[in-house]
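Here's the structure, in structure tokens; my notes come after.
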Amino acid sequence: MSDQWFVHSNGEQMGPYTSEQLAQFAQDGNITEATMVWSNGMPEWVPASQVPGLFSTAPAALTPIPAKAAPLGARSPAPASSSFATTTFASTSPKAQTAGRQYPFFPVKSASFPLWLWTFLGGFICFIIAIGMLIAGSIAAYSAVQESQQAQATESVESEAAVEPTETAEIDATPKMDKAALGAGTATFGAAGILLFIGWIAMMASTVVHFIYMYRVWYCLQEGMPRTSPGKAVGFMFIPFFNIYWVFVALGGLPKDWNRIVSTYDDLKAAPRLSETTFLLYCIGMFIPPLAIVMMFPMMSQICKGINFFAARRNPTAVGAR
């Protein structure tokens, strides 16, 4: 029978895992006797307690218990004639005890913190400059209108007496200066609008990069049974109102799962740790925008370092994490 096991935990189906990995999960407490498991050849999902040799005590007979459907992409359960009782685990052998602590290799692209940093700062700076230009342009336009109104009021009360040519030239020049000021204000508004558009593009680019890295960091943890999948971590952030809660799961819970998983496997113990305080303060900053902006920088830096650890582990010749 195929040595592939699937686990149903926290409403999600995960796997496949080898029998050695499943035994290590049980030994580390990542799965309990009530956790539902399934493998090719089994008619139904069953509690992990019914897997012979997985825990210290196992029931004498295996009684399948209906649960969730087979995992997406897995073969349909074989007929009941398949002998599930013949499946054994070498959980007590030295090989099984060490194999469960070797995290599997899988491809993951590296993350560039400067890419996110400069797109975010570029958009932020463009917004600040554009706002300043809008304020300056509004003040200039207001001043031009006031001067034009004063000039028109002066002309309306002038007598019909003849005036000197030089005075006439001065009076005629006033409206022209007002039009020039209005033209300058219009140009300022146009430049500010262009900067706002550039800033919006840059901020959208930084947001896209943020979600890409968020997906990758959760993808790195999938073999360690984290609380969510990469797709859910990112996708649920787009659900209105629900995302206020979900940010505490997808980002607030990330360092807890990360630190637990990397400390479980021997070959991941050199991985950088994520600060629970930093991620929690960022989540709280969703209600206090200045706090979120400040905490975003160390949070993204830690996420990039974590992703780059796995990218360098996949390719030992890669340059160290930036």
Side-chain angles (χ1 to χ4, degrees), residues 103 106-128 199-224 226-238 243 246-265 267-322:
Y103 202 78
F106 54 90
V108 59
K109 294 182 179 180
S110 61
S112 173
F113 178 69
L115 173 63
W116 172 85
L117 178 64
W118 291 116
T119 52
F120 177 81
L121 288 180
F124 186 78
I125 292 173
C126 285
F127 276 130
I128 295 299
W200 179 81
I201 293 295
M203 293 298 289
M204 288 298 100
S206 70
T207 302
V208 171
V209 172
H210 167 80
F211 283 124
I212 290 175
Y213 292 170
M214 185 174 169
Y215 182 96
R216 289 182 189 173
V217 74
W218 278 109
Y219 175 73
C220 292
L221 302 179
Q222 289 308 294
E223 293 295 334
R227 68 187 63 200
T228 186
S229 66
K232 287 183 178 180
V234 175
F236 287 0
M237 293 294 291
F238 293 92
N243 53 14
W246 188 250
V247 70
F248 287 90
V249 177
L251 289 176
L254 174 61
K256 296 180 181 179
D257 281 9
W258 177 278
N259 295 335
R260 171 182 61 83
I261 293 172
V262 299
S263 62
T264 300
Y265 294 87
D267 55 341
L268 297 184
K269 290 184 178 179
R273 300 307 193 263
L274 304 185
S275 171
E276 294 185 17
T277 301
T278 299
F279 282 73
L280 178 60
L281 288 177
Y282 173 79
C283 294
I284 296 175
M286 294 293 98
F287 307 96
I288 311 174
L291 178 62
I293 294 175
V294 171
M295 300 311 301
M296 186 181 299
F297 296 97
M299 182 190 72
M300 289 300 297
S301 176
Q302 293 180 33
I303 288 177
C304 290
K305 289 179 180 178
I307 295 173
N308 289 336
F309 172 83
F310 278 86
R313 178 175 176 266
R314 176 65 178 176
N315 182 10
T317 63
V319 179
R322 289 172 287 182

Exercise. Measure the spacing between OG1 of Thr207 and CE of Met214 and express it to the nearest 0.5 Å.
Key: 12.5 Å
Self-check item: Which atom of Leu221 lies closest to which atom of Val217, heavy atoms considered
Solution: CG-O, 3.6 Å
Quiz item: From Ile212 CD1 over to Leu115 CG, what is the distance, rounded to the nearest 0.5 angstrom?
Solution: 8.5 Å
Quiz item: Partners of Trp258 by ring-ring contact (aromatic ring centres under 6.0 Å, His included), sequence neighbours excluded?
Solution: Phe310
Practice problem: State, with a plain yes or no, whether a side-chain heavy atom of Leu268 is found less than 4.5 Å away from one of Arg313. | Solution: yes
Quiz prompt | Exercise: identify the closest heavy-atom pair between Gly122 and Ala202 | solution = C-CB, 4.3 Å
Quiz item: Looking at OH of Tyr213 and CE of Met299, how far apart are the two atoms once the value is rounded to the nearest 0.5 Å?
Solution: 13.0 Å
Quiz item: Met295 and Leu281: which non-hydrogen atoms are nearest, and at how many Å?
Solution: CG-CB, 3.8 Å
Quiz item: Between the side chain of Ser301 and the main-chain N/O of Pro298, is any donor-acceptor distance below 3.5 Å?
Solution: no
Quiz prompt | Asp257 side chain to Arg227 backbone, donor-acceptor under 3.5 Å | solution = yes
Quiz item: Would Cys126 and Met203 count as a side chain to side chain contact (heavy atoms under 4.5 Å, CB included) if you check the C-alpha gap in whole Å, the side-chain angles of each, and the deciding distance to 0.1 Å?
Solution: CA-CA 10 Å; Cys126 285; Met203 293 298 289; over 6 Å; no
Quiz item: Can any side-chain N or O of Asn308 pair as donor or acceptor with the backbone N or O of Ala111 at less than 3.5 Å?
Solution: yes
Quiz item: Can you list the residues that meet the ring-ring contact (aromatic ring centres under 6.0 Å, His included) rule with Tyr215, with sequence neighbours excluded?
Solution: none
Quiz item: Under 3.5 Å, is there a donor-acceptor pair between the side chain of Arg216 and the main chain of Val108?
Solution: no
Quiz item: Which residues satisfy the side chain to side chain donor-acceptor pair (under 3.5 Å) test with Arg260, sequence neighbours excluded?
Solution: Asn30
Quiz prompt | Closest contact, heavy atoms only, Cys283 versus Leu251 | solution = SG-CB, 4.1 Å
Quiz item: Are Met300 and Lys305 close enough that some pair of their side-chain heavy atoms sits under 4.5 Å apart?
Solution: no
Quiz prompt | Separation between OG of Ser110 and CD1 of Ile307, rounded to the nearest 0.5 Å | solution = 9.0 Å
Quiz item: Which pair of non-hydrogen atoms, one from Gln222 and one from Tyr103, has the smallest distance, and what is that distance?
Solution: N-OH, 3.6 Å
Exercise. Decide yes or no for His210 and Phe120: does some side-chain heavy atom of the first lie under 4.5 Å from some side-chain heavy atom of the second?
Key: no
Practice problem: Indicate yes or no: at least one non-hydrogen side-chain atom of Asn243 is less than 4.5 angstrom from one of Phe238. | Solution: no
Quiz item: Between Ala233 and Ala250, which heavy-atom pair has the shortest distance, and what is it?
Solution: O-CB, 3.6 Å
Quiz item: Is the Trp246 ring parallel, tilted or perpendicular to the Phe236 ring (thresholds 30°, 60°)?
Solution: perpendicular
Quiz item: Are any non-hydrogen side-chain atoms of Leu280 and Phe248 less than 4.5 angstrom apart?
Solution: yes
Practice problem: Under the ring-ring contact (aromatic ring centres under 6.0 Å, His included) rule, collect the residues that match up with Phe287, sequence neighbours excluded. | Solution: none
Quiz item: For the ring pair Trp116 and Phe297, is the centre-to-centre distance below 6.0 Å?
Solution: yes
Self-check item: Pairwise side chain to side chain donor-acceptor pair (under 3.5 Å) hits with a residue in residues 278-287, at least two apart
Solution: Ser275-Thr278
Exercise. Can you sort out the partners of Trp218 under ring-ring contact (aromatic ring centres under 6.0 Å, His included), two or more places apart, ordered by chain and number?
Key: none
Self-check item: Euclidean distance, Phe279 CZ relative to Leu274 CG, rounded to 0.5 Å
Solution: 4.5 Å
Quiz item: Could you walk me through whether Lys269 and Val262 pass the side chain to side chain contact (heavy atoms under 4.5 Å, CB included) check?
Solution: CA-CA 6 Å; Lys269 290 184 178 179; Val262 299; over 6 Å; no
